[in-house]
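Could you have a look at this structure, given as structure tokens, before my questions?
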Amino acid sequence: MTREDIADVLENIALLLELKGENVFKTRAYRNGAEIARTGDCDIIGLAKENRLAEIDGIGKALQDKIHELVTTGKMDYYEDLRSGFLPTLFDLFEIQGLGPKKIKALYDKLEIDSIESLKRACEDGSISQLSGFGTKTVEKLLAAIELREKFSSLFRLGDVAVLAESLLDAIREHPATLQCCHAGSYRRSKEILHDVDILVATNHPGELTKYFSELEIVEDVIACGSTKASVRLANGLQADLRAVSNKEFPFALQYFSGSKEHNVALRQRSLKKGWSLNEYGFSVKEDAEAPPEIQQEEDIYQALGLQYIPPELRENRGEFEAAEHGEIPKLIELENLRGTFHNHTTASDGRNSLEEMAEAAIDLGLEYLGIADHSKSSFQANGLYPERLLKQIDEIKALNKQWEGSFRLLAGSEVDILKDGSLDFPDDILKQLDYAVASVHNAFTLSEDEMTARIIRAMENPYITMLGHVTGRLLLKREAYAVNIDKIIDCAAETGTIIELNCSPYRLDMDWRHWRKARDKGVLCSINPDAHRVEHLQFLSFGVRLARKGWLRRQDVINTKPLAEVLEFLKIQ
DNA sequence: GCCGTTTTCGGCCCGACTGTTTTCAGTCG
């Protein structure tokens, strides 16, 4: 029994109660309990065993008894009763955009729809249209949502893969027969969306390693396990592949399996011009071609082909060859370059940690400054701040800053909503009291591209707006970006000197890496922001740096590589 | 179902958007 297990049971109870049309506040109590189980600071399992759940705020008598029963017996009668008679596929319906408890209840009661499959059938055969509240538009939207889900079913966000990918590589590294190992594929190239994880190992005992790999504890299913290659599936459905090669082949295999396919096609074409055919095992030399140099490591392959080394993140055949030919591959930003960050939340709005806790966590990470940007009043759902509370927070930040005497500083900002017409949620006389302000769109996502672009540009033109938050509002594998003309936004950022955020929440990674190079070339500065809602989220900075590298960004292109003194000067604050 | 109290009952986050129901219900953030 883990915290996750408890959270899942409570969350499912909340869904089933919603289906039964129970009191929304009762439902909310269970959902709140799930959240506490999943992410609360307390040791919920230990407290449950000791009958001390009453110490947790939000867990009342009913949940205490039920969680205690679940933890000590492994099941909960209330939950078993509630879900008897329903297929587990029913829960999938809640993941379809546009379907909530009321509609799911209607679908279940009237048409016995209890899975995405039966929903799709009912959409296609027209039976859904008989139900009141389900018109043609609704059916269209449901079909689109089902299609989106199918499209994404075998895809994973970088942030959901990173821990697994690292622990797999660690396991391979520990094996005594491993000579060297490395990630390959799209994980190595830091793609934001992945469909598998590739690991390459150099060894003299390949069969031992593939067997060892397929028997690792985190492996759920073995898809294939041969003498040089193993494919497995992990509990979350992610596929992981291991390829074992000799030490001599390793640089070639690493280059080959890192891709991208387009990059490799271009590289092999270059190689052929020299009379060398390139594959995952090495160069094979055509007759009367000169002999290629000795290859010790991946860098040597690029050098042999007359190219500067191309970091894996840039291998998308998007101009990296031209740059490498002319020695113009940039020195890309590294995680160690970051000196601080902006756009973080606290308990004042929808964050989980206090100002002090966020500051301590930032100091522990070695940062010199941390920008606090809680939501503004229009983000009701996020407990956005009204001016009085914001001004009070500014005072609190000033008071806290005294203790660090310049060695660390909290910056007082706001994530101010860009309203539908492009005006801001706070008047200028409030904004000007802040150290900086992030402007973000949080509602009215369905404006036309022209309207949305004009709306955002209007906000950027406000002199008190320092940076633009999550430019497209996308949630990876969950919600498409809203319509916006990125090129116009970049031009406006260049003209107004507005920084553009690289929001490094694993769900966002927005602005997309494909736009950063041109933004950089127009002189637009980037800010790598974790959008942290709790101290652990500061770790998202590493994803931000990976995607900034993928966007060709150098240290000098990112505002938060600047030391504190320079940032204060930049923001014109004391 | 939880919480807090002017203590055992009433409040619990609110507004925008969408589609369809011609006056509002459901979903979402």
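Proteins get letters first, then strands, A, B, ... in listed order; numbering begins at 1 in each.
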Options dG29(B), dT18(B), dT27(B), nucleotide nearest the side-chain atoms of Phe445(A):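 Looking only at heavy atoms from C-beta outward on Phe445(A), the closest nucleotide is dG29(B).
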
Donor + acceptor pair across side chains of His343(A), Glu415(A) (<3.5 Å):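 Yes - a donor-acceptor pair under 3.5 Å links their side chains.
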
Spacing of Leu447(A) atom CG relative to dC17(B) atom P, expressed in whole Å: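 In whole Å, dC17(B) P and Leu447(A) CG are 8 Å from each other.
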
Span that lies between the C1' atom of dC17(B) and that of dT23(B), in whole angstrom: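 Each nucleotide's C1' atom is 16 Å from the other's.
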
Short side-chain N/O contact from Arg31(A) to OP1 or OP2 of dG1(B), under 4.0 Å: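 Looking at the OP1 and OP2 atoms of dG1(B), neither is under 4.0 Å from any side-chain N or O of Arg31(A).
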
Whole-Å gap separating C1' (dG1(B)) and CD1 (Ile56(A)):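 That distance rounds to 15 Å.
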
Value rounded to 0.5 Å, distance of CD in Glu461(A) from SG in Cys492(A):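 Atom-to-atom, Glu461(A):CD and Cys492(A):SG are 5.0 Å apart.
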
C1' gap between dC14(B) and dC9(B), integer Å: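 After rounding to an integer number of Å, I get 24 Å for this pair.
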
Lys420(A) side chain near dC17(B) phosphate (N/O to OP1/OP2, under 4.0 Å):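 Yes.
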
Distance, nearest 0.5 Å, that separates NZ of Lys550(A) from OG of Ser190(A):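 Rounded to the nearest 0.5 Å, the NZ-OG separation comes out at 6.5 Å.
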
Presence of Thr27(A) side-chain N/O under 4.0 Å of dG1(B) phosphate oxygens OP1/OP2: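 It does not, given that no N or O in the side chain of Thr27(A) lies less than 4.0 Å from OP1 or OP2 of dG1(B).
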
Interatomic distance, Tyr78(A) OH vs dG1(B) C1' [rounded to whole Å]: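 Rounded to the whole Å, the gap is 9 Å.
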
dT20(B) to dT27(B) separation - C1' atoms, rounded to the nearest Å: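 Pairwise C1' distance, dT20(B) against dT27(B), rounds to 14 Å.
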
Minimum-distance nucleotide (side-chain atoms of Lys103(A) versus dT18(B), dC12(B), dT27(B)):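 So the side chain of Lys103(A) is nearest to dT27(B).
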
Assigned glycosidic conformation for dT18(B) [threshold 90° from 0]: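 Anti for dT18(B); the angle lies over 90° from 0.
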
Parallel, tilted or perpendicular: rings of Tyr78(A) and Tyr30(A) (30°, 60°):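 It falls in the parallel class, under 30°.
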
Sugar-phosphate, base or nothing in reach of Thr136(A), heavy atoms under 4.0 Å: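 Sugar-phosphate, no base atom in range.
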
hbond_proxy Asn23(A) side chain to dG1(B) base (donor-acceptor, 3.5 Å cutoff):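 Result: at least one qualifying N/O pair found.
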
Within-4.5 Å side-chain heavy-atom neighbours: Asn12(A) and Leu82(A):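 Side-chain contact under 4.5 Å: no.
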
Any Lys66(A) side-chain N or O less than 4.0 Å from OP1/OP2 of dG1(B):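 Looking at the OP1 and OP2 atoms of dG1(B), one of them is under 4.0 Å from a side-chain N or O of Lys66(A).
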
Value in whole Å for how far the C1' atom of dC2(B) lies from NZ of Lys26(A):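 Checked: the NZ to C1' distance equals 12 Å.
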
Separation of dC28(B) C1' from Ile96(A) CD1 (nearest whole Å):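 Result: 15 Å.
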
Nearest-nucleotide comparison on DNA chain B, the residue closer to the 5′ end among Ala382(A) and Gly100(A):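 Upstream on the strand: Ala382(A).
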
dG1(B) and dT8(B), which share atom name C1', separated by this distance in whole Å: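 Result for the C1' pair: 15 Å, nearest Å.
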
Contacts of Asp92(A) that satisfy salt bridge (Lys or Arg N to Asp or Glu O under 4.0 Å) - sequence neighbours left out: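 Asp92(A) satisfies salt bridge (Lys or Arg N to Asp or Glu O under 4.0 Å) with no residue once adjacent residues are dropped.
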
Side-chain donor-acceptor pair present, Ser505(A), Asn503(A), cut-off under 3.5 Å: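 Asn503(A) and Ser505(A) do not have a side-chain donor-acceptor pair below 3.5 Å.
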
Stacking check Phe380(A) vs dC14(B) (5.5 Å / 30 deg):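 Base of dC14(B): not stacked against Phe380(A).
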
Rounded distance in Å - CD1 (Ile13(A)) to C1' (dG1(B)):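 Value for this atom pair: 12 Å.
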
Which nucleotide in dC12(B), dT20(B), dC2(B) has an atom nearest any side-chain atom of Ala62(A):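 Looking only at side-chain atoms, Ala62(A) lies closest to dC2(B).
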
From dC17(B), dC3(B), dT18(B), nucleotide with atom closest to Lys141(A) side chain: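 The answer is dT18(B), which lies nearest to the side chain.
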
Along DNA chain B (nearest heavy atom to each residue), the more 5'-positioned of Gly60(A) and Lys137(A):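 The residue mapped nearer the 5' terminus is Gly60(A).
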
Identified pairing partner of dT8(B), criterion: Watson-Crick or G-U wobble below 3.5 Å: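 For dT8(B), the partner nucleotide comes out as none, under the 3.5 Å rule.
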
Whole angstrom value for the distance that separates C1' of dG15(B) from OH of Tyr386(A):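 After rounding, the reported distance stands at 10 Å.
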
Nucleotide dG29(B), atom P - distance to CD1 of Ile418(A) in whole Å: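 Distance, rounded to whole Å: 18 Å.
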
Selected nucleotide, minimal atom distance to Tyr30(A) side chain, candidates dT27(B), dG29(B), dG1(B):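 It is dG1(B).
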
